[in-house]
Amino acid sequence: MSVKRDENWEPQILAFCCNWCTYTGADLAGLNRMKYPENVRVVRVPCSSRVNPQFILRAFQKGCDGVLVCGCHPGDCHYATGNYFTRRRFMLMQRLLEYNGIDPKRFQARWISGSEAAKFRDTVTRVSQEIKELGPNKKFQEEWYSEGGAGNE
Amino acid sequence: MSSIIEELQSTVKKLLEDGTVGYVIGWGATRFPDRTTPVFITRPEDAHKLVWNHYCVNGTAKYALDDRYPEKKIGIIIRGCDSRAVNRMIQDNQLKRENLYLIGIPCDGKENPVCEGCQHKNPLVYDVLIGTPVEEKINPDRFKEVAEFEKLSQDEKYEYWAKQYDKCIHCYACRNVCPACNCKECYADQYRVGWQGKQNNRNSNQVYGLTRAFHVGDRCIECGECERVCPMGLPIMRQTKKMLKDINDLFGDYECGLNDSRPHVLGEFDLQDRDEFM
Amino acid sequence: MSRIGVFVCHCGTNIAGTVDVARVAEAMKAEPGVVFATDYKYMCSEPGQQMVKDMIKEHKLDRIVICSCTPRMHENTFRKMLKDTDVNPYMLEIANIREQCSWVHTDKEKATEKAIALARMAVAKVGRDFPLFTSTIPIHKKALVIGGGIAGIQAALDIADAGYQVTLLEREPSIGGRMVMLDKTFPTLDCSACISTPKMVEVSAHPNIELRTSCELEDVSGYVGNFEVTIRQKARYVNHDICTGCGLCETKCPTKVISEFNQGMSERRAIYKSFAQAVPAKPVIDPDHCRKLQEGKCGVCQAVCPLKAINFEDKDTTFTDTYGAIIVSTGYQLIQWQDLYPEYGGGRFKDVISGLQFERLVNASGPTEGHILRPSDQTEPKDVVIVKCVGSRDPKKGKSYCSRACCMYAAKHAHQILEKIPDSNVYVFYMDVRTPGKGYEEFYDRTRKDGANYIRGRVAKIYKEGGRLICRGEDSLLGRQVTVEADLVILETAMVPADGIGEVVHKLGIAMDADGWVQEAHPKLRPVETQTAGVYLAGTCQGPKDIPDTVAQASAAAAKVCGLFSKSEMETSPMTSKVDQSKCCGCGHCEVCCPYKAITLVEIDDREGPKKIRRTVASVNSGLCQGCGCCAAACRTGAIDLLGFTNDQILREVDALCQ
Amino acid sequence: MQFSYYPGCSMDTTGITYKLSIEYICSKIGLVLHEIPDWNCCGATAAHSKNKMLALALPARNLAQAEEEGLDLDVAVPCASCYSRMKHTVVAARQDENMRRKLEEIIGMPYKAKADVLNFLEIFSRPEMKRACQEKMYRTLKGMKVACYYGCLTSRPVEVTGASSTENPMEMDEIVALTGAEPVEWDFKTECCGASHQVDAPKAARPLIERIIRNAKANKAQAIITACPLCNLNLDMREGEINKAKGTRYDLPVYQFTELLAVCMGAGAKDIGIHKHFFPAFDLLNEYLRKAGD
């Protein structure tokens with residue numbers, strides 16, 4: 001699939017961040033005035049295990065170019081074991097998406113603790129860069145094939 | 001074969017006569033010699049309508065879900081795959097073993113391509129066994145097709161599936177026949193939450209296909225009913241088998257619906273699970 | 001139609017410096033449902049809050065979006081503010097345009113665009129908010145303390161002194177635990193029994209404490225404030241209501257059994273009190289050794305008991321009670337070194353003893369009345385070797401952790417030997433000497449000055465020759481092998497969790513670490529709490545520690561319990577999971593992944609067509625649910641959902657983000 | 001039962017009693033040992049203190065020879081040192097495929113590392129072997145107190161040998177108990193005998209021997225039982241020397257465990273070389289055989 005390079009094009013990146021670790025880490029990045037690309041938007045969830053794999057599909061459907069799921073490091077989950085389930089679910093999800101043609105770089109999961117502001121910055125910066133190189137995602141995108149969104153009452 | 005039919009019919013007749021079961025789900029003849037149809041035998045005198053031949057392809061177990069709270073036991077004639085379906089539905093709390101009377105019948109493969117890779121021809125659970133067990137064989141090529149497909153480039157994969165989903169007519173036949181699809185109300189029917197559009201277009205079908213794969217992939221018993229009933233001939237099992245293959249690779253040997261299968265691969269974890277998200 | 005108000009905060013220049021706040025507010029006016037949008041200097045300030053309240057009245061707002069700093073900062077502030085208004089405090093969303101926007105970006109145009117997107121997400125989410133109400137659960141002001149060692153005793157006394165009811169559970173016939181077995185405590189050399197037995201007596205006499213010995217935890221259900229606990233009272237065969245503890249039975253019992261309390265170095269009877277100062281000071285029958293119970297013959301105790309308190313028909317009984325909080329203080333035991341260290345004789349040499357055995361040997365009420373005598377021949381040892389870290393700091397054979405107390409009690413043992421046996425020689429084999437504690441280093445220093453020989457190295461082998469024990473090891477400071485002939489060897493063995501801790505942990509739904517110690521909620525900041533609200537930890541069940549640390553933690557756990565009990569009701573977060581039972585198919589996939597056991601499968605009455613049926617569905621105990629949402633992601637049908645973060649809301653957020 | 005057999009360099013010389021007694025037992029219970037053709041030195045101490053690959057390759061050639069012989073049999077090794085070296089090679093080749101290929105390259109022949117290496121304690125502690133021996137034994141050494149000395153290399157390093165215990169192994173005790181002899185509990189079962197240092201550094205090594213004998217004696221043993229030609233030699237040869245040098249009166253004959261088995265199966269003193277011991281070994285056996293009425 002050839003991608004027309006538009007130098008001004010900015011990817012749309014969605015990051016699901018768990019409230020106790022990664023969201024706090026992202027706040028800390030702010031507190032430390034670290035800089036990272038504007039194209040990353042965070043959705044706050046209580047725990048990475050709250051993230052339903054269908055949310056990922058929805059994001060691609062609606063035109064996201066990359067999706068990130070971030071949570072506490074295994075063993076540090078605020079809810080004791082949530083991220084162990086996250087790990088299993090998304091290892092499979094990532095592979096299934098790849099099997100359907102989505103580059104694994106477009107859907108990643110990472111463990112980022114509340115103190116790892118720099119890791120948050122580095123991760124989103126790197127993901128943003130990687131997606132920029134991949135170009136816009138057209139796979140699984142709704143607008144390209146149909147009019148109107150799903151489920152609008 | 002004929003003696004097996006006789007044994008089957010007489011067993012069913014007796015079960016109906018003595019009131020052990022309310023009815024028996026099995027296969028009956030149709031106008032065509034190479035077709036059978038699922039039948040529900042309710043009277044002993046109808047037991048002779050049961051057939052057992054190379055064309056008994058329909059899965060019998062899922063019908064029990066339409067009668068979750070039966071007054072009498074439901075008799076089901078089950079092959080290996082049907083017994084795995086029963087096991088899976090019991091693990092999912094959808095059926096109660098005490099509500100079922102399982103008439104096992106070893107199966108040497110039917111007019112269905114999926115039977116060639118079958119690793120469990122003999123019923124794994126039953127109350128009575130008709131005939132004698134057949135030899136089981138391990139299928140070394142269980143994930144061969146998936147492994148081949150994995151070699152394609154991402155764009156090739158995407159194109160392949162996109163074309164497949166262009167064919168899909170969003171009829172939900174694959175869902176309705178699948179023993180792992182046992183929700184009371186499918187997510188796809190819940191338009192208020194808006195998980196899924198009802199439109200029949202590429203994207204809507206893609207999302208349905210992937211979501212379905214993720215919903216049932218960890219519990220797929222590899223019966224192949226989804227592909228058999230698909231009017232458009234989509235290779236649906238290729239998606240769920242990918243899930244199964246990854247589960248095998250990542251979380252240890254796994255085959256679903258066996259008597260000792262782990263019931264919740266995604267509802268459990270191991271501290272030693274591989275970690276790719278560091 | 002919802003009536004949403006959007007309030008964009010400048011935060012001085014913190015936000016306004018990078019984000020065009022007026023434009024954000026303006027953009028929000030176009031969003032569906034928004035009836036009012038404005039920006040303001042400091043939303044969290046008094047006038048800022050007042051403005052929100054005024055606007056709610058003026059525009060009849062029913063949902064609020066505040067674009068400001070992180071919700072982790074002021075979500076509660078604004079929720080509290082909404083309590084005085086017509087808007088439900090949970091009809092509030094906060095767009096984080098400071099920490100995650102203005103502070104991390106410099107390009108004003110792009111930052112403003114992002115702020116608009118974040119605000120739009122919040123508007124989309126708030127549109128699907130619905131009123132939530134904190135519920136309160138009554139707190140049953142009675143505490144259960146599991147384990148009657150010094151930790152449990154201290155915790156029980158503290159809670160009881162604060163005026164609350166406590167049940168103290170102990171599986172042995174007497175409370176006291178390990179501390180009462182010790183001779184002296186370091187570094188002050190107080191008599192251990194002299195300071196612990198008064199506390200034991202106080203427990204038995206305290207009007208607020210119900211002492212339950214010979215009891216085990218059978219089952220626990222419920223949640224903080226309302227634990228339903230079933231306790232099994234093991235048969236004692238002695239009616240303690242009648243028994244006065246005269247001890248006549250004990251003197252007449254013909255069966256001799258090895259004494260657990262004296263660590264196998266003396267004998268007790270089959271009807272026995274564990275030790276002289278046992279509390280309760282009444283005997284029990286050990287059914288495994290009682291002739292009457294084993295063979296049906298004997299019954300001497302029954303015959304001699306003047307009060308007819310002996311009842312051979314006694315059976316285990318269970319009883320159930322409700323507790324508001326539970327303290328786990330199950331303590332430790334010493335590692336079974338015999339199996340792990342065949343090179344130390346593997347238990348074949350009577351004169352290779354554990355530190356706890358030495359405590360009994362040197363104790364005035366012990367088997368030798370305080371004279372240090374070798375168990376093998378009852379002679380006084382002249383050369384004593386003390387080996388530290390047996391099983392500790394030895395991942396190959398034992399545990400990788402340090403048992404923390406051994407360095408100090410090894411010094412204490414050395415001191416006691418040198419003091420009691422004037423011409424004795426003490427050799428202490430050590431890896432490191434760790435003495436962090438008040439007066440600890442001084443004590444160790446004193447012991448060395450007393451004449452204890454500290455040899456840095458491990459003992460490789462202990463064998464017997466000519467009635468003496470030959471300890472061969474390494475002096476790693478001199479870099480050579482050393483051989484010490486000893487009359488007595490004391491192994492300072494590792495602490496490991498008490499037997500049966502796994503069952504207790506399982507019943508309480510709390511976690512264990514890899515070594516079997518109970519896992520605290522946070523190693524630094526919540527050291528006495530567990531993952532399960534209302535269950536607290538005291539003492540060595542959480543990890544090796546010495547007596548002062550144990551007592552401190554016990555008091556801390558008691559303070560937590562008293563804090564909980566100071567209110568009669570507890571507010572619970574309404575952001576818990578909720579099951580739509582009409583959708584639920586009862587598959588149980590949510591149940592298995594819930595870390596709090598908050599989800600159970602229940603049967604409900606339903607109909608299917610004309611038929612009345614009993615159907616299985618999931619049910620959430622909102623007292624236990626902590627709101628992680630793992631269940632919601634596991635539910636394929638979406639029947640279980642997390643309030644405050646519903647599937648619907650998150651999908652809307654995703655949609656809004658991509659507009 | 002059949003095994004490939006690697007005798008090593010000592011079996012015809014210092015280990016002659018071991019060899020004779022093993023052969024005697026084989027003839028009685030039908031155990032067949034196929035000697036590996038054209039076997040070479042196992043490398044012993046010299047190789048692995050100089051060159052790791054050489055130390056692994058020397059046994060690899062022997063094992064490859066055994067494989068080439070076509071008999072898919074485990075390899076029986078009487079000497080503890082040979083056993084240790086060969087076991088090291090098998091483990092290294094099995095754990096690391098690259099290492100196995102490298103070894104093949106060095107020895108210039110295929111080596112699949114299929115066969116296990118077994119010492120005679122492992123072989124004789126198999127239940128069927130114990131049963132077979134018991135059937136053939138008609139004499140007893142009832143009451144003879146013996147100290148079973150395993151030496152270091154039959155059990156250490158445990159990562160290689162997979163031994164049940166490095167401190168208090170019991171296999172030999174159990175085998176010897178079949179003869180009626182009573183193994184004593186003692187503390188030096190797996191201590192070092194000094195190995196070749198008995199020759200090149202006697203001053204350092206003699207005390208090692210002495211403390212083994214002393215502890216056996218202190219624990220009331222009347223004889224020491226070994227399962228290695230070198231352990232046996234060191235103890236047997238130095239005991240008299242020590243008595244002479246230090247004025248002690250140690251009186252413990254040193255037997256291979258196979259000697260006791262063979263004697264109980266009816267072997268005469270000459271059959272298994274009892275007269276070849278350095279330290280008089282005949283009287284004690286004779287005494288106990290007589291006591292039991294033979």
Side-chain angles (χ1 to χ4, degrees), chain A residues 10 12 14 16-20 23-24 26-56 58-64 67 76-86 89 120-121 124 142-143 149-152, chain C residues 69-73 93-94 96 98-107 109-115 117-118 121 125 510-511 519 521-522 530-532 575 592-596 626-636 638 642 644-645 647-651 653-659:
Chain A
E10 283 294 332
Q12 184 92 262
L14 173 61
F16 290 101
C17 295
C18 92
N19 183 43
W20 306 97
Y23 198 87
T24 315
D27 282 349
L28 186 63
L31 210 60
N32 293 339
R33 306 298 196 274
M34 292 173 173
K35 302 295 170 213
Y36 56 83
E38 295 87 355
N39 50 39
V40 178
R41 277 104 212 244
V42 172
V43 172
R44 176 170 168 240
V45 285
C47 175
S48 57
S49 69
R50 171 68 190 92
V51 182
N52 191 316
Q54 281 157 266
F55 297 158
I56 319 292
R58 177 64 151 251
F60 286 127
Q61 235 185 328
K62 295 292 175 182
C64 271
V67 183
D76 294 345
C77 179
H78 180 79
Y79 304 102
T81 54
N83 48 10
Y84 292 119
F85 297 107
T86 310
R89 286 173 191 159
F120 179 81
R121 176 199 58 197
V124 296
E142 199 170 57
E143 286 89 338
N152 289 334
Chain C
C69 52
T70 171
R72 295 177 57 85
M73 181 83 89
E93 294 299 331
I94 291 183
N96 183 348
R98 191 178 76 174
E99 279 83 350
Q100 294 183 11
C101 188
S102 70
W103 278 355
V104 289
H105 306 311
T106 43
D107 184 322
E109 178 60 31
K110 283 181 175 169
T112 304
E113 269 173 35
K114 177 170 173 178
L118 293 175
M121 282 162 69
K125 191 179 178 198
I510 54 180
Q519 186 75 52
H522 190 284
T530 65
Q531 284 293 344
T532 302
M575 291 160 95
V592 293
C593 65
C594 177
Y596 304 100
Q626 307 281 314
C628 65
C630 190
C631 52
C635 182
R636 304 183 307 277
L642 179 61
F645 291 93
N647 290 325
D648 190 18
Q649 286 180 313
I650 297 176
L651 288 173
E653 273 187 279
V654 173
D655 291 357
L657 171 101
C658 298
Q659 266 175 29

Which one wins on heavy-atom pair count under 4.5 Å against chain A: [options]?
{"options": "C:Pro71, C:Cys69, C:Ala111", "value": "C:Pro71"}
{"options": "C:Glu99, C:Gln519, C:Arg98", "value": "C:Glu99"}
{"options": "C:Lys125, C:Lys110, C:Gln626", "value": "C:Lys110"}
{"options": "C:Cys593, C:Pro595, C:Ala632", "value": "C:Cys593"}

What part of [X] gets closer than 4.5 Å to chain C, counting heavy atoms only: side chain, backbone, both or neither?
{"X": "A:Val42", "value": "both"}
{"X": "A:Glu38", "value": "both"}
{"X": "A:Asp76", "value": "neither"}

Locate the shortest heavy-atom distance separating [X] from [Y]; write the atom from each residue and the value.
{"X": "C:Tyr596", "Y": "A:Tyr79", "answer": "OH-CA, 3.0 Å"}
{"X": "A:Arg89", "Y": "C:Ala634", "answer": "NH2-CB, 3.5 Å"}
{"X": "A:Phe16", "Y": "C:Val654", "answer": "CZ-CG2, 3.9 Å"}
{"X": "C:Ala117", "Y": "A:Arg41", "answer": "CB-NH1, 3.2 Å"}
{"X": "A:Pro46", "Y": "C:Cys628", "answer": "CG-O, 3.6 Å"}

Subject >> Sidechain-backbone polar pair: C:His105 side chain, A:Tyr36 backbone, donor-acceptor under 3.5 Å >> reply: yes
**OP:** Starting at CZ of C:Arg636, measure out to CD of A:Gln54 and round the result to the nearest 0.5 Å.
**Re:**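 Rounded to the nearest 0.5 Å, the CZ-CD separation comes out at 10.5 Å.
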Subject >> Nearest-0.5 Å distance that lies between atom CD in A:Gln61 and atom CG in C:Leu651 >> reply: 9.5 Å
Original post:
Does C:Asn96 reach the side chain of A:Asp27, with side-chain heavy atoms less than 4.5 Å apart?
Top reply: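 In short, these two side chains touch, coming nearer than 4.5 Å.
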Among [options], which has the most heavy-atom pairs under 4.5 Å with chain C?
{"options": "A:Cys47, A:Cys77, A:Cys18", "result": "A:Cys47"}
{"options": "A:Val51, A:Asn32, A:Asn19, A:Leu28", "result": "A:Asn19"}
{"options": "A:Gly30, A:Ala29, A:Gly82", "result": "A:Gly30"}

**OP:** Assess whether side chain to side chain contact (heavy atoms under 4.5 Å, CB included) is satisfied between C:Leu657 and A:Val43, documenting all intermediate values.
**Re:** CA-CA 9 Å; C:Leu657 171 101; A:Val43 172; 5.7 Å; no
Original post:
Does the side chain to side chain contact (heavy atoms under 4.5 Å, CB included) test come out yes or no for C:Cys630 and A:Thr81, once each step is laid out?
Top reply: CA-CA 9 Å; C:Cys630 190; A:Thr81 54; over 6 Å; no
Original post:
Step by step, would you call A:Glu142 with C:Cys658 a side chain to side chain contact (heavy atoms under 4.5 Å, CB included)?
Top reply: CA-CA 11 Å; A:Glu142 199 170 57; C:Cys658 298; over 6 Å; no
Original post:
How far apart are the C-alpha atoms of C:Gln100 and A:Val40, what are their side-chain angles, what is the distance that settles it, and do they pass the side chain to side chain contact (heavy atoms under 4.5 Å, CB included) test?
Top reply: CA-CA 9 Å; C:Gln100 294 183 11; A:Val40 178; over 6 Å; no
**OP:** Would you kindly say whether A:Arg50 and C:Asn647 are connected by a side-chain donor-acceptor distance under 3.5 Å?
**Re:** yes
